[in-house]
Colleague: 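Sharing a structure with you now.
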Amino acid sequence: TKSTQYSPGAVFSTRLSPRVSLDANAGITFIKTDLPGGSINQSAFSGGIGLCYKGNRANYCLNGSRGVSASAFTGSSTVTSLGASYTYALTPRSNFGANVSYSRANALNTAQGGQNIDFASAGVSYDRQLLRRLSLVVTAAYNDTYDSFVPRPANFFGSVGIRYRLGDI
C-alpha cells in the first residue's frame, strides 16, 4: 500500500490576556492510496487548538488535534488527540514537567480491515541547568495501547541525558 498526502491549512495565534495564549490551525488533507486493485482518493479535516497559561513559575497547556497519519495496514487513519501539560520552575535553574495525552486512530479505509486503536500516555520530566548552555534532563513515561490489532503490553521507559543549546540564548 502506498499513500500520498497533501495538507493545506491556515494558522491563527493570539493572546487572550498577558498570560493566556490561544493557537489554532485548520485545513484539509487530501489522500491518495494506491492499492493492488486501483487507487482510492479521500479527504479529511485536520486541525488543532491549544490554550496556554503562563504564570510566574507555572505553565499550563491544554490541546486537542485531529489529523491524518499514514498506516501500514489501512493506508491512512485519522488521529484525534487530547492532551495537557504542566511545567513548574522549582528554582531559577531547575524545572519539573508533567504531561498526559489520549489519542484515537480511526482507519479511513475500513475495507482493508482497519480498526480503531486508542493510545494513552503520561510522563514526567526534570531538567537542571548545569552551565549556561548545558542542562541535565531526566524523563520517565508510560504508554499503553488499547483495542489494538496486535495485543501489546504497556511501555514504561526513562532516560537521562545532557542537552546543549546552540545559538543565541
Side-chain angles (χ1 to χ4, degrees), residues 5 7 9-27 29 44-73 76-107 114-169:
Q5 301 177 5
S7 300
V11 177
F12 172 79
S13 295
T14 188
R15 289 211 169 272
L16 302 176
S17 74
R19 294 187 180 265
V20 179
S21 63
L22 175 69
D23 296 310
N25 63 75
T29 300
F45 168 79
S46 58
I49 190 164
L51 182 67
C52 291
Y53 171 84
K54 184 170 184 166
N56 292 330
R57 295 178 67 180
N59 300 328
Y60 310 88
C61 288
L62 298 173
N63 56 67
S65 67
R66 183 177 191 269
V68 177
S69 177
S71 169
F73 296 109
S76 297
S77 296
T78 58
V79 180
T80 304
S81 299
L82 294 172
S85 63
Y86 169 76
T87 58
Y88 184 78
L90 299 168
T91 70
R93 296 169 53 106
S94 63
N95 297 290
F96 168 80
N99 62 73
V100 295
S101 69
Y102 187 83
S103 302
R104 171 169 283 176
N106 300 89
Q115 71 176 67
N116 301 332
I117 301 173
D118 294 341
F119 305 90
S121 66
V124 293
S125 65
Y126 171 79
D127 68 84
R128 170 84 176 160
Q129 183 180 10
L130 304 173
L131 300 171
R132 185 167 181 248
R133 296 181 178 271
L134 193 68
S135 296
L136 170 71
V137 181
V138 179
T139 62
Y142 165 84
N143 294 325
D144 204 353
T145 304
Y146 308 94
D147 298 328
S148 175
F149 181 72
V150 177
R152 293 170 227 164
N155 296 308
F156 293 93
F157 62 91
S159 66
V160 176
I162 298 291
R163 180 179 59 224
Y164 185 80
R165 293 185 185 223
L166 301 172
D168 295 332
I169 295 180

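Counting from 1, the numbers follow the sequence of the chain as shown. For the numbers below, each heavy atom of this structure counts, side chains included, while hydrogens, waters and symmetry mates do not.
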Colleague: Does Ile162 reach the side chain of Leu134, with side-chain heavy atoms less than 4.5 Å apart?
Modeller: yes
Colleague: Take Arg19 and Asn56 through the test side chain to side chain donor-acceptor pair (under 3.5 Å) and record every step on the way to the result.
Modeller: CA-CA 9 Å; Arg19 294 187 180 265; Asn56 292 330; 2.9 Å; yes
Colleague: Between Val68 and Gln5, is there a side-chain heavy-atom distance shorter than 4.5 Å?
Modeller: yes
Colleague: Stepwise, does the side-chain contact (heavy atoms from CB on, under 4.5 Å) test hold for Asp127 with Phe96?
Modeller: CA-CA 7 Å; Asp127 68 84; Phe96 168 80; over 6 Å; no
Colleague: Between Asn95 and Ala89, what is the shortest heavy-atom contact and its length?
Modeller: OD1-CA, 3.3 Å
Colleague: Nearest 0.5 Å, please: how far is CD1 in Ile49 from CG in Leu82?
Modeller: 11.5 Å
Colleague: What is the distance from atom CZ of Arg66 to atom OG1 of Thr78, rounded to the nearest 0.5 Å?
Modeller: 4.5 Å
Colleague: Does Val100 form a side-chain contact (heavy atoms from CB on, under 4.5 Å) with Tyr102? I'd like the steps, not just the answer.
Modeller: CA-CA 7 Å; Val100 295; Tyr102 187 83; over 6 Å; no
Colleague: Would you tell me whether Ser13 and Asp23 have side-chain atoms, one donor and one acceptor, within less than 3.5 Å of each other?
Modeller: yes
Colleague: I would like to know whether Asn155 and Tyr142 meet side-chain contact (heavy atoms from CB on, under 4.5 Å); could you show each step before the answer?
Modeller: CA-CA 6 Å; Asn155 296 308; Tyr142 165 84; over 6 Å; no
Colleague: So do Asn143 and Phe157 actually touch side chain to side chain, heavy atoms under 4.5 Å?
Modeller: yes
Colleague: Looking only at side chains, do Ser125 and Thr139 share a donor and an acceptor under 3.5 Å apart?
Modeller: no
Colleague: Does one side chain, of Ser7 or Ser46, offer a donor that lies under 3.5 Å from an acceptor on the other?
Modeller: no
Colleague: Which value, rounded to the nearest 0.5 Å, describes the distance between Arg132 atom CZ and Arg165 atom CZ?
Modeller: 11.0 Å
Colleague: Could you tell me whether the side chain of Ser121 reaches within less than 4.5 Å of the side chain of Ser101, counting heavy atoms only?
Modeller: yes
Colleague: Please assess Thr87 against Asn59 for the test side-chain contact (heavy atoms from CB on, under 4.5 Å), listing each intermediate value before the final yes or no.
Modeller: CA-CA 5 Å; Thr87 58; Asn59 300 328; 3.3 Å; yes
Colleague: Could you tell me the separation between the CG atom of Leu136 and the CG atom of Leu130, rounded to the nearest 0.5 Å?
Modeller: 5.5 Å
Colleague: Is it the case that over 12 heavy atoms from other parts of the model lie below 6.0 angstrom from the CZ atom of Arg93?
Modeller: yes
Colleague: Kindly give the heavy-atom pair with the smallest separation between Arg128 and Ser94, and that separation in Å.
Modeller: CD-CB, 3.9 Å
Colleague: Kindly compute the distance separating OH (Tyr53) from CG (Leu16), expressed to the nearest 0.5 Å.
Modeller: 13.0 Å
Colleague: How many angstroms lie between CG in Leu22 and CG in Leu62, if you round to the nearest 0.5 Å?
Modeller: 11.5 Å
